[in-house]
Amino acid sequence: MEEKYSFSKIEQKWQGHWIESKAYKTEDSSSKPKYYALAMFPYPSGDLHMGHVRNYSIADVIARYKRMTGFNVLHPIGWDSFGLPAENAAIKHQTPPADWTWKNIANMRRQLKEMGISYDWDREMATCHPGYYKWTQWMFIELFKHGLAYKKKAAVNWCPSCSTVLANEQVVDGACERCDTVVTKKILEQWFFKITDYADVLLQDLDKLPGWPEKVKAMQRNWIGRSEGMEVKLPLLDRSGEISVYTTRVDTLFGVSYVVLAPEHPLVIELVSGTEYEAGVLAFIKKMQGLNEIARTSTDAEKEGLFIGSYCLNPLSGEKVPIWIANYVLLEYGTGAVMGVPAHDERDFEFATKYSLKIRSVIVPAGSAADMKDQPLKGAYTGEGIMVNSGSFDGLDSNEGLERMADEAERRGMGQRKVNFRLRDWLISRQRYWGTPIPIVYCDSCGTVPVPEEQLPVVLPADVVFKAGENPLASSASFTDTTCPKCGGVARRETDTMDTFVCSSWYFLRYTDPRNTEVPFTKTAVDQWMNVDQYVGGVEHAILHLLYARFFTKALRDMGYVKADEPFQNLLTQGMVCLDGSKMSKSKGNIVSPEVIIGNYGADTARLFILFAAPPERDLEWSDQGVEGCYRFLNRVWRLVAQYEPVIKENLNHRSSSTDQADPWASLNAINKEMRRHTHLAIQRVTIDIGTRNNFNTAISTIMEWVNALYIYKEQPAADAAVGKEAVEAMLLLLAPFAPHITEELWLEIGHTESIHKQCWPEVDKAALVQDEVTVVLQVNGKVRDRITVAADISKADLEKKALEQPKVLEFTEGKAFVKIITVSGKLVNIVVKDAG
RNA sequence: GGGCGAGUGGCGGAAUGGCAGACGCGUCGGUCUCAAAAUCCGAUAUCUGUGAGGAUGUGGGGGUUCAAGUCCCCCCUCGCCCACCA
């Protein structure tokens, strides 16, 4: 065995061998229980970054651990390979997006292989491959057939820089999440997925996911934004018709002093046309439309509004209510109209104060002075309380008043209870080339016709022209001109492609049956493997991808294609990899290249460091010196095993084969017993850290401590060969998921013939954990004053007696009055005293 | 404004309510060497003391408990998410 740890030679050797022998191929049929370990698949940007290294190292440790503990593991990889960067590269370098993408995939595949991740490479797939996107198109048509995909004209988010529309989820602070350009509104006819049909169940079923971080669930709840309230109808004065408003506080109905419509509300034009208000209102609307999303919706924006000359009636009080329009009311939410209750809503208060509108209290805090109801307010009171100025409802608790008013309004046909969601339907059309073509044909006589399954995939044409600001597919006549699948007449294809998030909403299902050309996946395969037992990825996908994937799974379940109703049983959201306190990023220039680290120290060191430096959910600060520390540790492991090699080879069959002996370890002396105890404690800790806590950092530190102990142990004259062999072998097995190459090499060097990764995870020998003597801490009034070593089975009384005899204890108890004594067996004695007198 | 996290040595971080700071980094000292690197060994929270020791200490303040980094209440700071959603 070589004295030096030649990581490069070892890693190349084993990576080649694992690939050739298909060492990590998933067994199709197995008597073992299944385990599906999945890391979020990467976008093929060209190079692996440290975030990838962290993501895939975490998932790989879990996959390898599960294999060793007897599971049939599915651990696949693929490429989320449609998307804008490929198209931008096409415009810039005049290379087809496909060429750029496949080149990047090849490079990143090589880099992944250099990390020694245990993927089943036979299941590799890419969303830009026709064999994959055929089924994305099939999904679209299934959703279309079930009324979950539809086209509508709507004001949509438009990114002028990307020349495409965006989903609400892709607009962050009014700007495009990809390029930060301020988004504008455009009225366009676009395809949507009806995710709102699933709003309630997507919300409720979050409770079925105890294995998800609370944070992510809270973000999804927040995003779905369920709100219980009521639509109230206010009849128009002196003309037919009514205004419907949405409110969560009907109990404040008597406090209404005006009604506000969104400027774009259709009723506005109707009410002002031909009146003296028309010109002013139209000018106001024009001004609002000229503002971008940020200026319109920011909380800091000054409230602005205009009386439009009409009135409506408060249905309960009968009062005359002026109708306004204002910038702070959103057309898309609720009914696009709200009732203004300045006394009990901060926005309304601000607005009413600015325009000198009436402010009337209708709720006062319980227990407040009786004349409170007529006092001028300094600000809105938004809490609950006692109802006042509210006719027959006066004196009621506002919660009860709310229910009674809602009942009465419903009884008298003035409104009805309503649940609203913040979640909007998912806009999936993109005016871009490098995506899955929407499989729809437009025919003058048959209208909108889905492409029949046997004609899928609708393949992306190669003869397109890439020009900034234009939809490339529209430039390809060979693509757009087609015949109607229904009547055979002249027809044109839809030229938009799908949002790439559609591709990633079902890829985890395809992995279960990735080469099937007849169906997206068989029911047998998908039901055998789903759900994903452990999903690993960045928290930036908490809303978009994870919500869409849940929606797809539920829709497919309802259509009968899958049994699972949630895709991801357990979710681990890893933290960012930072350098100098901020996330590594190309634009900031604070990047450490995985390839350089692997070149200098090897993949095992890179994996070990990234798992050791922080717990997985937390952000990780990169440290070159920390990497060296891990490299030193692996060298230490190498030398330790090298020194043990002859001993282990000599004793390969010693002890473990002597099954005739009742307890082969019975005659060990104290030092050897202690080493065995350390070994089995380490096995216990590492097993819990990987298996139930996902605390890889503490698992590694446990192994480090243990290696330190082994170094000391091996110098002991009384060291036992079998104890050393047991420890070294177990240590290699426990380290194997983290550092697969070095452990494989050492395992075979010490005389084994089968891969370490095919071995069983070591088991804890409970008997080895038992101690003859224990150290007990002695406290006086909770402060540690001494420690004593006693027999492990000492009685409570004997222990307390002994504790009270210790000189250090006496020093602190002398002359004090004894209060009580607390004993935690095997651990601690606390003597409580107080000053005498 | 609402929601969710987090705050522990010089640094990354450990601690089922029971010895705070494991493990790693860094630093200092030693071993080895002609020398350096590597290796190996030791020290390393703060104050105080020559020393054994003593006191203090997990963002701040209160509380529960024999015992609190950990549980409860209030506050401060930072991070993330949502936000004129009626």
Side-chain angles (χ1 to χ4, degrees), chain A residues 4 172-173 213-223 225-227 229 245-249 252 260 296-303 326-330 332-341 344-348 350-351 382 420-424 539-540 542-543 575-576 578 608-609 612-615 617-630 632-633 635-636 639 688 695 697-708 711-712 715 775-787 808 811 819-824 826-834:
Chain A
K4 205 171 160 285
V172 178
D173 291 334
E214 276 312 314
K215 181 184 177 168
V216 173
K217 288 191 278 188
M219 281 164 73
Q220 292 213 353
R221 280 190 197 104
N222 211 334
W223 188 261
R226 188 177 196 272
S227 141
V245 298
Y246 177 72
T247 178
T248 54
R249 292 293 302 270
T252 64
V260 200
R296 240 335 254 291
T297 60
S298 156
T299 331
D300 319 321
E302 166 97 13
K303 292 192 181 16
N327 59 347
Y328 73 97
V329 177
L330 307 172
E332 309 94 72
Y333 187 75
T335 61
V338 300
M339 56 189 214
V341 186
H344 304 293
D345 182 283
E346 277 159 25
R347 291 155 304 184
D348 297 346
E350 192 188 327
F351 191 76
T382 57
N420 262 326
F421 292 94
R422 215 187 68 98
L423 181 73
R424 310 289 155 76
V539 73
E540 66 272 18
I543 297 172
M576 299 182 295
C578 299
L608 199 67
F609 169 72
F612 176 62
E617 296 87 355
R618 241 196 266 183
D619 287 352
L620 179 156
E621 177 65 25
W622 185 266
S623 154
D624 286 331
Q625 285 158 335
V627 176
E628 292 209 30
C630 288
R632 275 203 285 269
F633 168 70
N635 275 285
R636 237 167 111 72
R639 287 192 302 270
I688 292 169
N695 271 18
N697 55 329
T698 49
I700 293 167
S701 72
T702 298
I703 299 174
M704 286 174 168
E705 276 179 84
W706 185 22
V707 167
N708 292 344
Y711 261 87
I712 294 165
E715 299 305 323
T775 301
V776 172
V777 169
L778 304 184
Q779 298 182 329
V780 178
N781 288 345
K783 288 198 173 162
V784 180
R785 296 304 180 185
D786 205 0
R787 301 177 170 80
K808 290 261 186 64
E811 194 183 317
V819 179
K820 63 170 150 176
I821 185 162
I822 309 276
T823 302
V824 181
K827 261 190 185 163
L828 147 157
V829 177
N830 186 15
I831 298 140
V832 185
V833 294
K834 64 178 181 188

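Below, chains carry the letters A, B, ... as their sequence lines are ordered, and counting in each starts from 1.
Among the heavy atoms of the strands, none lies under 4.0 Å from A/Gly225. Base engagement by A/Lys827 is indicated by at least one non-hydrogen atom pair under 4.0 Å involving a base atom. Nucleic acid contact for A/Gln779: base, since at least one base atom lies under 4.0 Å from a heavy atom of the residue. When heavy atoms are screened at a 4.0 angstrom cut-off, A/Arg226 is found touching no nucleic acid atom at all. Heavy atoms of A/Pro213 sit nowhere under 4.0 angstrom from any nucleic acid atom. Within the 4.0 angstrom heavy-atom criterion, base atoms lie near A/Arg787. Residue contacts for A/Val832: at a heavy-atom cut-off of 4.0 Å it reaches the sugar-phosphate backbone alone, with no base atom in range. At a threshold of 4.0 angstrom between heavy atoms, the contacts of A/Glu302 include nucleobase atoms, whether or not backbone atoms are also involved. At a threshold of 4.0 angstrom between heavy atoms, the contacts of A/Asn327 include nucleobase atoms, whether or not backbone atoms are also involved. Looking at heavy-atom distances under 4.0 Å, A/Gln625 makes contact with sugar-phosphate atoms alone, never a base. Counting any heavy atom pair closer than 4.0 Å across all strands shown, A/Asp619 reaches sugar-phosphate atoms only and no base atom. No contact: A/Asn420 has no heavy atom under 4.0 Å from any strand. The residue A/Val784 sits close only to the backbone: its heavy atoms come under 4.0 Å of sugar-phosphate atoms, none of a base. Across all strands, A/Val329 comes closer than 4.0 Å to base atoms (heavy-atom distances).
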Pairs counted as Watson-Crick or G-U wobble with both distances under 3.5 Å: what dot-bracket string results for RNA chain B, using | for bases tied to another strand? (((((((..(((.....[....)))(((((.........)))))((((....))))..(((((..]....))))))))))))....
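Taking atom C1' on both nucleotides, B/rA38 is separated from B/rU31 by 13 Å, rounded to a whole Å. Distance noted for atom P between B/rG3 and B/rC11: 33 Å (whole Å). When the P atom is used for both B/rC41 and B/rC47, the distance is 29 Å, rounded to whole Å. Only the P atoms considered, B/rC23 is 13 Å distant from B/rA45, to the nearest whole Å. The same atom, P, is picked in B/rC4 and in B/rA43; the two are 46 Å apart, to the nearest Å. Annotation: B/rU48 and B/rC81 have their P atoms spaced 45 Å apart (nearest Å). When the C1' atom is compared between B/rG12 and B/rG26, the two are found 11 Å apart, to the nearest whole Å. B/rC66 and B/rA15: their P atoms are spaced 27 Å apart (whole Å).
With a glycosidic angle no further than 90° from 0, B/rG9 counts as syn.
From A/Phe609, atom CZ reaches atom CG of A/Leu620 across 5.5 Å, with rounding to the nearest 0.5 Å. Interatomic distance, CD of A/Gln779 versus CD1 of A/Ile822, reported as 10.0 Å (0.5 Å rounding). In this structure, SG on A/Cys630 lies 4.5 Å from CE on A/Met704, to the nearest 0.5 angstrom. The distance from atom OG of A/Ser227 to atom CZ of A/Phe421, rounded to the nearest 0.5 Å, is 9.0 Å. Distance check: A/Ile543 CD1 to A/Gln220 CD gives 7.5 Å after rounding to the nearest 0.5 Å.
In terms of position on RNA chain B, the residue among A/Lys783 and A/Tyr333 whose nearest nucleotide sits closer to the 5' end is A/Lys783. With the nearest nucleotide of RNA chain B identified for both A/Ile712 and A/Leu620, A/Leu620 has the one nearer the 5' end.
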Please evaluate residues A/Val833 and A/Asn781 with respect to the criterion side chain to side chain contact (heavy atoms under 4.5 Å, CB included), reporting the C-alpha separation (whole Å), side-chain torsions for both, the decisive distance (0.1 Å), and the verdict. CA-CA 7 Å; A/Val833 294; A/Asn781 288 345; 3.8 Å; yes
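Between A/Glu214 and A/Lys217 there is a salt bridge, since a side-chain N of the basic residue sits under 4.0 Å from a carboxylate O of the acidic one.
The side-chain contact (heavy atoms from CB on, under 4.5 Å) with A/Val780 is formed by just one residue from the set A/Arg785, A/Glu811, A/Lys808; it is A/Arg785.
For A/Arg422 and A/Asn222, the side-chain atoms include no donor-acceptor pair closer than 3.5 Å.
For RNA chain B, the outermost nucleotides in 5' to 3' order that have an atom under 4.0 Å from a heavy atom of chain A are B/rG2 to B/rA86.
Around CD of A/Glu346, the count of heavy atoms belonging to other residues, nucleotides or ligands within 6.0 Å does not exceed 12.
Residues satisfying the ring-ring contact (aromatic ring centres under 6.0 Å, His included) criterion with A/Tyr328, sequence neighbours excluded, are A/Phe351.
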